[in-house]
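Reading through the structure tokens given below for one structure.
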Amino acid sequence: MKQPVYVIAEIGVNHNGDYDKAISLIDVAVKAGANAVKFQSFVPEKLAARNLKKADYQHHGDSAPDQLSMLQNMAMPEQWYSPIIGYCKEQGVDFLSTAFDQQSLQLLNKHKVKTYKVASGEITNLPLLWQTGQFAKNIILSSGMSNLADIELALANLAHSFLHQSQPVNTDEVFIAYHSVAGQAALSERVTILHCTSQYPAPDKAICLNALETIANAFKLPVGYSDHSQDLLVSSLAVAKGATIIEKHITLSHDLPGPDHKASLEPHEFYDFVKQIRRTELILGSGVKSAQSCELQTKLIARQTLVASMVIKQGELFSLANLTTQRTGIDAASPTKIWDLLNTPALKTYQAGDPID
């Protein structure tokens, strides 16, 4: 049976360094029916160089002069992890995080986090990616700003990490692991690739949902979608395209200071967002083509059955001359049986208009 789409509420840095806001955002995700919440784990000084400029989208709603200053205001303190992970467990929602440096990766491992999200910006950070493979039971690999070659190299490094305890000595070594039966099996069991457009918000012309099928066909792995659009439609379309995971940023208010609030969904929007995904799953169905239970009465009324066009005496042979079709509203012989009935004897006498048994 097909598993429901796994919906991740991306809290990211939208807690703004406020623990109570983080808890409130978890509550929003739980109430909406999300499967997981995701945070971001980083040491600001390890992630960004001094005086590094902010991306264009990061200027909206954030007054910090550079990326390092911005990140320092939004880092998730280490003392939050135990209570937040515990709270997520109590509420029945998975805790996920993205590690942006080795120290943060070690912290997630310390807290026994099983599923790790690799951010689009880290898909080429091979040392971090390889170490992630050592710790993670499952990996969600985001592919914004990437082409198929970037994704393949990342998967090759993960395959090597899954199979070996020591780091590779060259690129050839990771591709040997990637092309091995064991490497492909490990990737199939543990990795989902998210299509993503790393722009906030992402314009329609840059979303390219057909890439979901391209990625799935290229790597034969489950795919998902990290949604940076500004409406509720795109993720539902992604589900229709085969996405098994959907990730969407949430916020308590678009008006809060910070780079991601504008491109996130407020609580009422996120509730509708999850409902629409679940409705999309319902509409898509199992993929089995069969008569639905709600169609059965219509089927009985709308489909014609074989009837006698004249009196047919017992023992008389059925023919195109004495058989016709008509809506009768009863469970009689289908016209699909007509060729088998021709030139066979009637087992009883039929009056004109009688349905054929």
Side-chain angles (χ1 to χ4, degrees), residues 2-14 25-26 28-40 57 93-94 96-98 115 117-120 123 138-146 151 191-217 221-254 259-287:
K2 188 177 179 181
Q3 293 295 313
V5 170
Y6 190 78
V7 178
I8 302 172
E10 166 73 78
I11 293 173
V13 296
N14 281 350
L25 285 164
I26 294 170
V28 169
V30 170
K31 184 177 178 182
N35 302 98
V37 295
K38 192 186 80 65
F39 289 83
Q40 294 180 10
Y57 81 90
V93 66
D94 295 336
L96 311 180
S97 191
T98 298
T115 300
K117 163 79 185 297
V118 176
S120 293
I123 194 170
N138 300 298
I139 292 176
I140 301 169
L141 180 68
S142 197
S143 64
M145 306 173 286
S146 300
I151 298 171
V191 178
T192 300
I193 305 169
L194 297 194
H195 175 50
C196 173
T197 302
S198 298
Q199 178 62 22
Y200 308 83
D204 287 356
K205 65 181 180 180
I207 287 172
C208 193
L209 285 183
N210 284 333
L212 281 163
E213 294 172 338
T214 301
I215 294 168
N217 291 334
L221 293 174
V223 293
Y225 181 59
S226 182
D227 187 357
H228 296 149
S229 70
Q230 269 192 309
D231 59 38
L232 311 186
L233 172 65
V234 178
S235 280
S236 289
L237 293 175
V239 171
K241 281 286 187 180
T244 60
I245 293 176
I246 293 292
E247 178 186 68
K248 188 77 171 179
H249 280 75
I250 61 171
T251 180
L252 296 177
S253 171
H254 292 145
D260 294 339
H261 296 286
K262 295 294 183 186
S264 302
L265 296 182
E266 291 185 342
H268 68 283
E269 296 171 316
F270 190 66
Y271 302 152
D272 291 341
F273 175 80
V274 177
K275 284 180 183 178
Q276 186 160 301
I277 287 174
R278 299 307 179 209
R279 183 175 179 228
T280 300
E281 291 181 281
L282 193 65
I283 291 168
L284 289 172
S286 66

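Quick caveat, the model's predicted, so the values are computed rather than measured.
- In this structure, CG in Leu232 is found 9.0 Å from CD1 in Ile277, a value given to the nearest 0.5 Å.
- Between Gln3 and Thr244 the shortest side-chain heavy-atom distance does not fall below 4.5 Å.
- Residue Asp260 holds its CG atom at 5.5 Å from CG of Asn14, rounded to the nearest 0.5 Å.
- The two residues Leu212 and Gly224 come nearest to each other via the heavy atoms CD2-O, 3.2 Å.
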His249 vs Leu265, side-chain contact (heavy atoms from CB on, under 4.5 Å): CA-CA, chis, key distance, verdict: CA-CA 6 Å; His249 280 75; Leu265 296 182; over 6 Å; no
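- The nearest pair of heavy atoms linking Leu284 to Ala240 is CD1-CA, 3.7 Å.
- At distances below 3.5 Å, at least one donor-acceptor pair connects side-chain atoms of His254 with backbone N or O atoms of Ser264.
- By the 4.5 Å heavy-atom criterion applied to side chains, Asn210 and Thr214 are not counted as neighbours.
- His195 NE2 to Glu213 CD: the interatomic distance, rounded to the nearest 0.5 Å, is 11.0 Å.
- The one candidate from Val93, Leu96, Ile8, Ile250 that meets the side chain to side chain contact (heavy atoms under 4.5 Å, CB included) condition with Val37 is Val93.
- Gln230 approaches Pro201 most closely through the heavy-atom pair CG-CB, 3.3 Å.
- Rounding to the nearest 0.5 Å gives a distance of 7.5 Å between SG of Cys196 and CD of Glu247.
- Taking 4.5 Å as the limit, some side-chain heavy atom of Tyr225 sits within range of a side-chain heavy atom of Ile207.
- Contact check for Thr192 versus Tyr6: no side-chain heavy atoms found under the 4.5 Å cut-off.
- Using modelled atom types and a 3.5 Å distance limit, the side chains of Thr115 and Asp94 yield no donor-acceptor pair.
- Ring-plane geometry between Tyr200 and His228 is classed as tilted, the angle between the planes lying from 30 to 60 degrees on a 0 to 90 degree scale.
- Screening Ile140, Leu141, Asn138, Ile139 for a side chain to side chain contact (heavy atoms under 4.5 Å, CB included) involving Lys117 leaves a single residue, Ile140.
- Looking only at side-chain heavy atoms (C-beta outward), Val5 and Arg278 come within less than 4.5 Å of each other.
- Between the NZ atom in Lys248 and the NZ atom in Lys38 there is a gap of 14.5 Å [rounded to 0.5 Å].
- Considering all non-hydrogen atoms of both residues, Leu194 and Ser143 come closest at O-OG, 2.6 Å.
- Of all heavy-atom pairs spanning Phe270 and Ala32, the tightest one is CD2-CB, 3.5 Å.
- Between Gly144 and Ser198 the shortest heavy-atom distance is CA-OG, 3.5 Å.
- Taking OG of Ser229 as the start and CG of Asp204 as the end, the distance is 7.5 Å to the nearest 0.5 Å.
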